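Since the structure is predicted, the reported quantities are computational estimates derived from the model, not experimental observations. The chains referred to below are lettered A, B, ... by the order of the sequence lines, with proteins before strands, and numbering in each begins at 1.
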There are 2 protein chains.
Amino acid sequence: MSTANTPNPPNTRRLLLDEAARVLAEEGPAALSARRLVKAVGASTMAVYTHFGSMPGLVREVMREGIGRFEDRVGVVGEGDDPVRELVELCRVYQEFARAEPEVYAVMFGGSAMAGFELTEDDRQMGVRLLRYPRNAIRRCAAAGRFRSDADADLLVRQLFAQMHGLAQLAHAGYIIGVYGPDDVLAGTLRDFAVAAGDDPERAAASVRSGLAG
Amino acid sequence: MSTANTPNPPNTRRLLLDEAARVLAEEGPAALSARRLVKAVGASTMAVYTHFGSMPGLVREVMREGIGRFEDRVGVVGEGDDPVRELVELCRVYQEFARAEPEVYAVMFGGSAMAGFELTEDDRQMGVRLLRYPRNAIRRCAAAGRFRSDADADLLVRQLFAQMHGLAQLAHAGYIIGVYGPDDVLAGTLRDFAVAAGDDPERAAASVRSGLAG
DNA sequence: TTATGGGCATAACGCTGTTATGACGCCGTT
DNA sequence: AACGGCGTCATAACAGCGTTATGCCCATAA
C-alpha cells in the first residue's frame with residue numbers, strides 16, 4: 001500500500017476538493033469548472049482526471065464528503081428520555097445542514113443537474129442509510145407509547161424524509177416566504193407528524209418546542 | 001399591434017419551444033443546447049437570441065408554459081361535497097404533473113441548475129399563485145367541520161406544499177424505493193395531514209382512498 | 001543502476017453560450 | 001410609389017467548457 005490515502009503533503013487532490021467545495025458554496029454550481037479549480041490550486045486540467053476521472057467524479061467526491069459531514073452532525077444527537085424530542089432534533093439538524101451547505105445538499109438528493117452528474121445506486125444507498133437515525137427514533141417513540149404501537153416506522157420515515165427534503169429545497173429556492181417562514185413550517189410539520197402518529201397534541205407541541213430550541 | 005403573438009405561420013419561436021420541451025422531457029436538461037435546437041428547426045443560433053434573449057430566457061419560457069399546463073390540470077378539479085377528497089385530488093394532480101413532466105417541474109420549483117438559469121421573483125409569484133387552489137380547499141375543509149375551525153390555511157398549505165414537493169423530487173431522484181413506493185408515501189402523508197388538521201381518521205382514510213382513485 | 005509507474009504540463013479536439021455584423025423582407029408612412 | 005424602420009435571421013467569430021493523447025519528470029522497487 002502506498003501513501004495514496006494519507007494526505008501527509010498538501011496534495012493536489014485535497015486542494016481541489018476544498019476549492020471545489022468553496023466555489024460551490026460561495027458561487028453555486030454554475031461557477032464550478034475544471035479550469036477554474038486547477039488554476040486556483042496552480043495545477044493543470046489533467047489533475048482533475050488523474051484524481052477523479054472526470055468532473056462529475058469530482059462532484060461525486062465532494063458529495064460523499066458532504067454525506068460524511070451530515071452523518072457527523074446527525075451522530076451527535078443523543079438519546080434521552082423524550083424520543084419525540086430526539087426525532088425533532090434530528091429534523092432540526094437536517095434542516096441546519098441543508099441551510100449550511102445548500103449546494104452540497106442539493107447534489108446529495110438529486111436537486112442539482114450539475115452538467116452531467118448523476119446519482120449512482122451507491123450514492124442513493126449512502127443517502128438512504130441516513131434514514132436509520134430517524135427510523136430508530138420513530139421506533140422508540142412507539143415503544144415509549146408516544147406513537148401508536150402499530151406505527152409503521154418504514155412508512156413514516158419516508159413521509160418524514162419527503163417533508164424535510166421538500167421544506168429544505170423550497171426554502172432554498174425562496175418559495176417559503178410571506179406570513180410563515182421555514183421555521184414556522186418546520187415546527188408545524190413536526191407537530192402534525194407526531195400528532196398524526198398518535199402523540200398527544202400538547203406533549204407533541206412541547207417536544208417540538210424543546211427539540212427545536214436546541 | 002403586429003402579428004407577434006398570433007402563431008399563424010409555423011414560426012420559429014413556437015418550433016424552438018416545442019423542440020426544447022421535447023428534448024428536455026426525453027433526454028434531460030444536459031441535452032438542451034442552443035445549437036441543437038436551432039439545427040432541429042432549421043435556423044441559426046441567432047433565433048434563440050432574437051426570440052428569448054438567451055438560453056436561460058428560453059428555459060424560462062418553457063417553464064412558464066409548464067406552469068400553464070399545471071394550472072390547466074389543477075383547474076379541472078371541481079368542488080363537491082367532500083372537500084378533503086378535493087384536497088387529495090389536487091395533490092394527486094400535483095404528483096401526476098411532476099411525474100409527467102419531471103424536468104419542467106424541477107425548473108419550476110428550483111430543483112434544476114440548468115446552466116445559469118435562476119428563478120426570478122415573478123417566477124416564484126407564479127408558483128405561489130398555484131397554492132390558492134389547495135388553500136381554498138383547506139378553508140372549505142375547516143368550514144365543513146372536517147378540519148379544526150381554527151386551522152390556519154396559510155400555514156397548512158405551506159406544510160402541504162413542502163410535503164408534495166419533497167415527495168415529487170425524491171421520487172424522481174429514485175430515493176423512494178423499497179418496501180413503500182411514492183404512492184404509499186403519498187397516501188400516508190395525505191391521511192396524516194388530514195388527521196393532524198382535525199379530521200376523523202376513518203373519514204380521512206376514506207377521502208384519501210376516494211381522492212387518489214381518480 | 002535500471003525499470004516501473006503515478007503525477008502532471010502542454011496542446012489540441014469538439015462542444016457550449018453569446019454577439020457583432022450585415023442582409024433580407026415586410027410594414028406603415030409620407 | 002418610394003421611403004424608412006424594424007423584426008428576423010445567416011454568417012462568422014470569441015471565449016470558455018470538458019476531455020484526452022502525448023510525453024516529461026521523479027520517486028520508488030528491483
Side-chain angles (χ1 to χ4, degrees), chain A residues 1-21 23-24 27-63 103 107 112-118 120, chain B residues 1-21 23-24 27-63 103 107 112-118 120:
Chain A
M1 177 177 297
S2 69
T3 61
N5 270 336
T6 67
N8 291 338
N11 65 356
T12 306
R13 176 188 161 89
R14 188 67 263 140
L15 292 174
L16 283 175
L17 282 174
D18 292 344
E19 177 68 9
V23 171
L24 199 57
E27 305 183 45
L32 204 67
S33 82
R35 287 182 152 87
R36 169 173 184 164
L37 294 181
V38 298
K39 179 186 289 185
V41 308
S44 75
T45 60
M46 270 306 297
V48 169
Y49 296 90
T50 57
H51 289 293
F52 306 101
S54 66
M55 272 301 287
L58 182 146
V59 172
R60 170 160 295 110
E61 196 53 36
V62 171
M63 179 206 67
E103 308 298 343
V107 173
S112 194
M114 287 294 289
F117 172 81
E118 289 186 7
T120 68
Chain B
M1 179 178 296
S2 69
T3 60
N5 270 337
T6 69
N8 291 338
N11 66 357
T12 306
R13 178 189 159 88
R14 187 68 265 138
L15 291 174
L16 283 175
L17 283 173
D18 291 345
E19 178 67 10
V23 171
L24 199 56
E27 306 183 44
L32 205 66
S33 83
R35 286 183 154 84
R36 168 171 185 166
L37 294 182
V38 299
K39 179 187 288 186
V41 309
S44 76
T45 60
M46 271 305 298
V48 169
Y49 297 90
T50 58
H51 290 293
F52 307 101
S54 65
M55 272 302 285
L58 182 147
V59 171
R60 170 158 296 110
E61 196 53 37
V62 171
M63 180 207 64
E103 308 299 343
V107 173
S112 192
M114 286 292 290
F117 172 81
E118 289 187 6
T120 69

A:Ala21: which residues meet the side-chain contact (heavy atoms from CB on, under 4.5 Å) condition with it, sequence neighbours left out?
none
Roughly, in whole Å, what's the span from CG in B:Leu58 to P in C:dT16?
14 Å
Against A:Phe52, only a single residue in A:Val59, A:Leu17, A:Val62 fulfils side chain to side chain contact (heavy atoms under 4.5 Å, CB included); can you say which?
A:Leu17
Protein-nucleotide distance (B:Phe52, atom CZ; C:dT19, atom C1'), rounded to Å
18 Å
Using a 4.0 Å heavy-atom cut-off, does B:Leu37 contact any base of the nucleic acid, only the sugar-phosphate backbone, or nothing at all?
nothing
My understanding is that only residues two or more places apart in sequence, or in another chain, count here; which of them pass side-chain hydrogen bond (donor to acceptor under 3.5 Å, both in side chains) with B:Glu19?
B:Arg22
Of all residues at least two apart in sequence or in a different chain, which pass the side-chain hydrogen bond (donor to acceptor under 3.5 Å, both in side chains) check with B:Glu27?
B:Arg36
From CZ of B:Arg13 over to P of D:dC9, roughly how many Å is that when rounded to an integer?
12 Å
Protein-nucleotides 19-26 of chain D N/O pairs closer than 3.5 Å?
from, atom 1, to, atom 2, distance (Å)
D:dT19, OP2, A:Tyr49, OH, 2.9
D:dT19, OP2, A:Met55, N, 2.8
D:dT19, O5', A:Tyr49, OH, 3.3
D:dT20, O4, A:Thr45, OG1, 3.3

Residues in side-chain contact (heavy atoms from CB on, under 4.5 Å) contact with B:Thr50, at least two apart in sequence or another chain:
B:Met46
If you pin A:Ser33 and B:Gly42 to their nearest nucleotides in DNA chain D, which one's is more 5'?
B:Gly42
Please give, in whole Å, the distance from D:dT8 P to B:Leu15 CG?
14 Å
May I ask you to verify if any side-chain N or O of A:Ser44 is less than 4.0 angstrom from the OP1 or OP2 atom of C:dT10?
no
Are B:Leu58 and B:Leu37 side-chain neighbours, meaning at least one heavy-atom pair lies under 4.5 Å?
yes
Under-4.0 Å side-chain N/O to phosphate OP1/OP2 contact, B:Thr50 with D:dT8
no
May I ask you to verify if any side-chain N or O of B:His51 is less than 4.0 angstrom from the OP1 or OP2 atom of D:dC9?
yes
Under the salt bridge (charged side-chain N to carboxylate O under 4.0 Å, His left out) rule, what pairs show up with a residue in residues 50-60 of chain A, not counting sequence neighbours?
A:Arg60-A:Asp123
Nearest whole Å is fine: how far is C:dG6 P from A:Asn11 CG?
16 Å
How many whole angstroms separate atom CZ of A:Phe117 from atom P of D:dC17?
20 Å
